[in-house]
Each structure stands twice: as C-alpha cells, then as structure tokens.
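Taking it in order: structure first as structure tokens, then the write-up.
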Amino acid sequence: MEITSLYQYMVIVSCHFSTFKQCEEWLKRLNRAIAHPARLEELFALAFHAWCLGGNTDDEDQHLHLCRPGDHVRHRMEVEVKRMGFDMQNAWRVSDINNNYKLCSSYPQKLLVPVWITDKELESVASFRSWKRIPVVVYRHQRNGAVIARCSQPEISWWGWRNTEDEYLVTSIAKACQLDAGPRACRTRGDGPDSSDSDFDSSLTGCPTPDASSAAQKLLILDARSYTAAVANRAKGGGCECEEYYPNCEVMFMGMANIHSIRNSFQSLRAVCSQIPDPGNWLSALESTRWLQHLSVMLKAASLVCSAVEREGRPVLVHCSDGWDRTPQIVALAKILLDPFYRTIEVNLHKLSECCIKAD
C-alpha cells in the first residue's frame with residue numbers, strides 16, 4: 001500500500017506499507033497530527049512560549065494570557081515608537097480611543113495618529129470607514145520621516161457621501177510627516193528624477209528639518225483593488241477616495257484579486273501539486289492556476305510602497321475593501337523590505353546553549 005503526501009516546497013513523499021492495516025493506521029496518525037486543535041491552548045506556539053519562559057507547558061493559565069494584550073504588548077508598541085523615532089511632542093500621539101476595543105474590535109487598543117487629531121474626530125472618521133477601520137500609522141522611515149498607514153475603504157456609496165474629518169485626517173498624515181521629517185528628507189525632496197543610485201543609499205544627518213511653509217509631500221493612497229472593483233463597491237456602500245476632496249493626495253489602483261479569487265486559485269494550485277507531475281504540461285497547468293500572477297501583483301504593490309517611502313520620501317496609505325486581507329499583506333511585506341529590523345531574529349543564547357547541550 002502507499003500514501004502520498006504533499007509537503008512544503010512541493011515535495012511529494014511516498015510511503016510503502018506491507019499491509020493495508022498498517023497503511024490505514026499510519027493514515028490515521030497523519031490525520032491526527034494535522035487536525036485542527038480543539039482548544040487554542042493546544043497550539044504549538046503557545047506551548048513553546050511557555051517552555052521558553054521555563055514554566056509548565058500543561059498550565060493553561062500560562063497560555064491564556066498570550067491571547068490577551070497585556071503589558072508586554074503595550075511595551076512592545078512603546079519600544080517600536082521610540083525605535084522608529086516618532087516625534088511624540090509636535091507631530092504624533094498615541095490615542096486610547098480604542099481602549100477595550102470599543103471603537104474597532106479588529107484594531108489594537110493603541111492607535112498612532114497626528115497629534116492635532118482629536119478622539120472626537122476619530123469617532124467621526126470611524127463612522128465613515130468600513131468596519132470602523134480608520135487610517136492609522138504603522139511604520140515610519142527613520143531617515144526621511146515618511147510613514148505607512150493603513151485603513152479600510154471609505155463608505156461613499158452611490159450618493160457620493162463625504163466626511164470632513166476623514167479628509168482632514170488623511171491630509172494631516174502628510175503634514176505630520178513634514179513636521180517630523182528625518183535627516184534625509186530635504187535631500188530626498190531636492191533630488192530630481194536623474195538622481196543616481198549612489199545617492200539613494202546616502203544618509204545626510206546634517207540636513208535641517210523642512211520649513212513649515214514648504215509644501216508637504218503628496219500622500220500616495222494605494223488601493224489594492226482595481227478601479228472597476230472599487231467603483232462597484234459603491235453599490236454596497238463602499239468606494240474609494242476622490243482626489244478632488246483629498247488635496248495633495250494621489251490614488252493608485254493595483255488590481256489585486258479579492259479573497260474569493262485567491263481561494264479558488266490556491267485550491268487549483270493544491271490540485272496541480274497533489275497530482276503526479278507530468279513534465280509535458282505541468283508548467284502550463286501551474287500557470288492556469290494564476291497563483292504566480294497573484295504573487296507578482298502582491299510584490300509589485302509592496303515594491304511601489306517601498307519606492308514611494310524610501311526613494312521619494314512620500315507617506316503611503318494602503319487599503320482594500322475591508323482593510324484586513326490584502327492591506328496587511330502589502331504593509332507587512334513592505335516593512336520587511338524596508339527595514340532590516342523585521343528581517344532579524346532575536347536569539348536567546350542561554351536557551352540556545354541549553355538546547356545544544358541537551359541535543360549532545
């Protein structure tokens with residue numbers, strides 16, 4: 001008898017058994033190994049974390065606190081804000097409006113917004129954004145001050161609704177970047193289109209902060225959807241920003257497929273990879289799943305965000321329809337590409353040495 005399994009990196013592993021009973025038993029074991037856990041505390045990540053803390057992995061209390069954002073989560077945000085160099089006096093502030101998730105259940109409790117934006121204005125913006133996912137800042141470029149923000153689509157609908165506070169918040173993000181410009185900001189703004197790549201990686205620490213009277217960099221609103229899909233969403237109460245109402249902003253559509261198309265594409269990919277490869281038409285079958293095209297558009301969107309932030313020193317606001325599928329994918333990938341901090345793993349040398357000793 002034989003069991004064929006699909007593993008990561010598209011490796012097909014075939015296991016041969018002498019009897020059907022033996023094959024059936026191993027099939028049950030494999031199914032139990034890959035089955036979804038009955039409780040969240042049974043996830044390996046929680047048990048491993050408890051082991052790292054030196055506690056008892058069977059103690060449920062040690063796992064449950066990880067499901068709630070405690071002091072360790074709040075401290076992590078404070079460290080990140082400090083690491084990225086946000087000016088918390090003149091340009092930015094941390095709002096507690098989402099304390100206990102009373103404003104938006106899918107956002108963190110601490111939200112980073114321009115310092116002059118009040119909580120009352122944020123409440124008004126939440127009423128205008130899908131699922132109350134308001135524009136909030138998640139990353140700052142340390143050398144030029146450009147930020148990445150994320151949100152969901154505005155609820156414009158066919159009636160063409162507007163929200164003054166929302167327009168004010170979006171344009172305020174660019175103004176806050178101007179006030180909190182990094183040491184390379186003036187060089188970035190002064191560079192022309194013929195700037196050499198050697199200047200691209202330079203950091204001029206002696207560059208002064210731009211004058212308050214100078215124009216703020218035009219904010220790039222990157223909509224992950226196609227223009228057609230964004231307009232079609234108006235029939236369901238959604239829509240996209242109109243550049244006429246959002247001064248000093250530019251809207252760009254990426255044409256990324258929605259979650260339903262991605263799911264169908266992935267199912268097709270699994271079907272192709274689970275079959276015995278046919279060298280004659282395997283590549284064409286892979287292309288027909290459109291999985292590689294989806295990845296290509298994702299990489300293009302992330303690279304556009306990186307180019308706007310790094311090369312042009314422009315702030316970027318990313319959203320799709322609800323802001324919780326394509327949006328975090330683009331933002332997270334852009335942050336990995338922009339900042340080596342997110343490509344670095346902190347290793348506990350003491351724990352590592354203990355593991356090595358036990359392994360020996």
Side-chain angles (χ1 to χ4, degrees), residues 1-69 105-106 256-299 322 324-329 332-333 336 343 345-348 351-360:
M1 301 299 296
E2 178 178 314
I3 296 179
T4 302
S5 301
L6 178 64
Y7 281 78
Q8 193 178 12
Y9 309 121
M10 310 306 175
V11 176
I12 297 178
V13 180
S14 298
C15 304
H16 297 270
F17 302 93
S18 57
T19 64
F20 177 80
K21 185 176 181 180
Q22 189 180 31
C23 177
E24 191 177 38
E25 175 62 26
W26 274 97
L27 181 60
K28 291 179 180 178
R29 293 183 183 181
L30 290 174
N31 286 332
R32 284 197 299 267
I34 64 176
H36 291 288
R39 300 180 305 164
L40 184 65
E41 297 79 28
E42 295 176 1
L43 287 172
F44 169 77
L46 298 178
F48 178 74
H49 180 82
W51 174 83
C52 290
L53 294 178
N56 183 6
T57 57
D58 296 328
D59 189 356
E60 223 173 85
D61 293 336
Q62 286 198 328
H63 305 323
L64 288 177
H65 83 277
L66 295 175
C67 305
R68 297 189 295 265
S105 60
S106 57
M256 294 176 62
N258 59 31
I259 188 173
H260 309 292
S261 299
I262 297 297
R263 185 186 294 115
N264 293 336
S265 176
F266 182 67
Q267 294 294 343
S268 300
L269 177 69
R270 290 183 60 183
V272 169
C273 295
S274 61
Q275 300 170 358
I276 298 177
D278 182 0
N281 62 5
W282 193 86
L283 290 177
S284 60
L286 175 62
E287 184 179 8
S288 66
T289 66
R290 298 190 60 80
W291 184 252
L292 297 181
Q293 287 90 330
H294 295 318
L295 294 182
S296 176
V297 177
M298 172 69 66
L299 290 171
D322 295 325
W324 53 30
D325 193 38
R326 291 162 285 190
T327 299
Q329 293 171 3
L333 184 55
I336 291 174
R343 304 192 297 270
I345 299 177
E346 293 184 8
V347 178
N348 189 322
K351 287 292 183 181
L352 183 61
S353 61
E354 286 184 356
C355 293
C356 294
I357 292 174
K358 291 179 180 179
D360 292 340

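Here CD of Gln22 is found 12.5 Å from NE2 of His16. Values are rounded to the nearest 0.5 Å. If you take CE on Met256 and CG on Asp325, they are separated by 8.0 Å, rounding to the nearest 0.5 Å.
With hydrogens and angles ignored, the 3.5 Å screen pairs no side-chain donor or acceptor of Asp322 with any backbone N or O of Trp324. A donor-acceptor pair under 3.5 Å is formed between the side chain of Ser274 and the backbone N or O of Ala271.
In this structure the side chain of Gln329 reaches within 4.5 angstrom of the side chain of Met298, judged on heavy atoms. Counting heavy atoms from C-beta on, the side chains of Leu27 and Asn31 come closer than 4.5 Å.
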Please set out all donor-acceptor pairs under 3.5 angstrom arising from side-chain atoms of residues 257-269, sequence neighbours excluded.
from: Asn258; atom 1: OD1; to: His260; atom 2: N; distance (Å): 3.2
from: Asn258; atom 1: OD1; to: Ser261; atom 2: N; distance (Å): 3.0
from: Asn258; atom 1: OD1; to: Ser261; atom 2: OG; distance (Å): 3.2
from: Asn264; atom 1: ND2; to: His260; atom 2: O; distance (Å): 3.3
from: Ser265; atom 1: OG; to: Thr289; atom 2: O; distance (Å): 2.6
from: Ser265; atom 1: OG; to: Trp291; atom 2: N; distance (Å): 3.3
from: Ser268; atom 1: OG; to: Asn264; atom 2: O; distance (Å): 3.0

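The number of heavy-atom neighbours closer than 6.0 Å to CD of Gln293, taken from other residues, nucleotides and ligands shown, is above 12.
Sorted by first and then second residue, the salt bridge (Lys or Arg N to Asp or Glu O under 4.0 Å) pairs involving residues 26-37 (not counting sequence neighbours) are Glu25-Arg29.
Considering only residues two or more places apart in sequence or on other chains, Ser106 meets the side chain to side chain donor-acceptor pair (under 3.5 Å) condition with Arg133.
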